[in-house]
Amino acid sequence: MVETIVALLFGLLIGSFLNVCIYRLPRDLSVVQPRSFCPACEKPIAWFDNIPLASYLMLGGRCRKCGARIPIRYPIVELLTGILFAVSVAGLGVSLPALKWCLYGALMVGLAFSDLEQRILPDEFTLGGAVAGILLAAWVPMQFGYVQLFLASSYSERWLSVGEAVLGALAASGMLWAVGAAYSALRHKDGLGLGDVKMLAAVGAFMGLQGALATLVFGSILGSLIGLVYIKVAKKDAASYELPFGTFLGFTGLALGFLSGPLAR
Ligand SMILES: [Zn+2]
């Protein structure tokens, strides 16, 4: 119980850092320097106005100095990250598997909201996530359903686990890339950003091939349905509206990952 609360608080802090990343990475700004500032009045934010979740509530969602509205994304990202960390530790204890799912949760939240706001999926999260997922597979065993089709079962469990992560990273993203390339060739326009392909590689590195494929299929269905409804309701131009596909991959990947990981038992 105590661990879960500590994980929640730690998740709130990481969520706060993710908010910095979501604002700064797509703008090619450093996530370390300068200290937090209000984007509206550019005044630095005091530490007591920068406490995850609590400061947003106490300030009524406005900058203390200029009164500009703080985007609702800030408390949502903090709370969501906090909950994901708490769920990971509650389900798996203080362990390496819990750390893996905390990292995965943070990555997906960061990517989903970067794409929603900026239509950018930073390489730090996508490629960095893919590498981290493959490395973690050496210590946190993955279920290797497909990799045994390619590797003899005489390999050790560790190598099969890493193999599944590599296969997950390459195969599903490769398929998505091929579909995107075919679409571009047929329609003579870009249908899909390379960021989505790299993001799916990160999903596969953490969840394996089956998880990455399921994320691709359900994320595409969800994105098409919600995208179509949104274009109708908000009266957007369907030809020019850019769907934040990474946002749908992110939320689908979160749901499937946590259902198969920390929430599975
Ligand atoms: Zn301000």
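Order of listing sets the numbers, starting from 1, for every ligand and every atom in it. Being a predicted model, the structure only gives us computed values, none of them experimental.
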Colleague: Going from CD on E78 to CZ on R73, what distance comes out if it is rounded to the nearest 0.5 angstrom?
Modeller: 9.5 Å
Colleague: Sorted by chain and residue number, which protein N/O/S atoms are under 2.8 Å from the Zn ion (ligand 1)?
Modeller: C38 SG, C41 SG, C63 SG, C66 SG
Colleague: Classify the side-chain pair S36/N50 by whether it contains a donor and acceptor separated by less than 3.5 Å.
Modeller: yes
Colleague: Please identify each residue that fulfils side chain to side chain donor-acceptor pair (under 3.5 Å) with S260, with sequence neighbours left out.
Modeller: none
Colleague: Do D237 and S240 have side-chain atoms, one donor and one acceptor, less than 3.5 Å apart?
Modeller: yes
Colleague: Between T215 (side chain only) and T252 (backbone N and O only), is there a donor and an acceptor less than 3.5 Å apart?
Modeller: no
Colleague: Does the side chain of L84 come within less than 4.5 Å of W101's, by heavy atoms?
Modeller: no
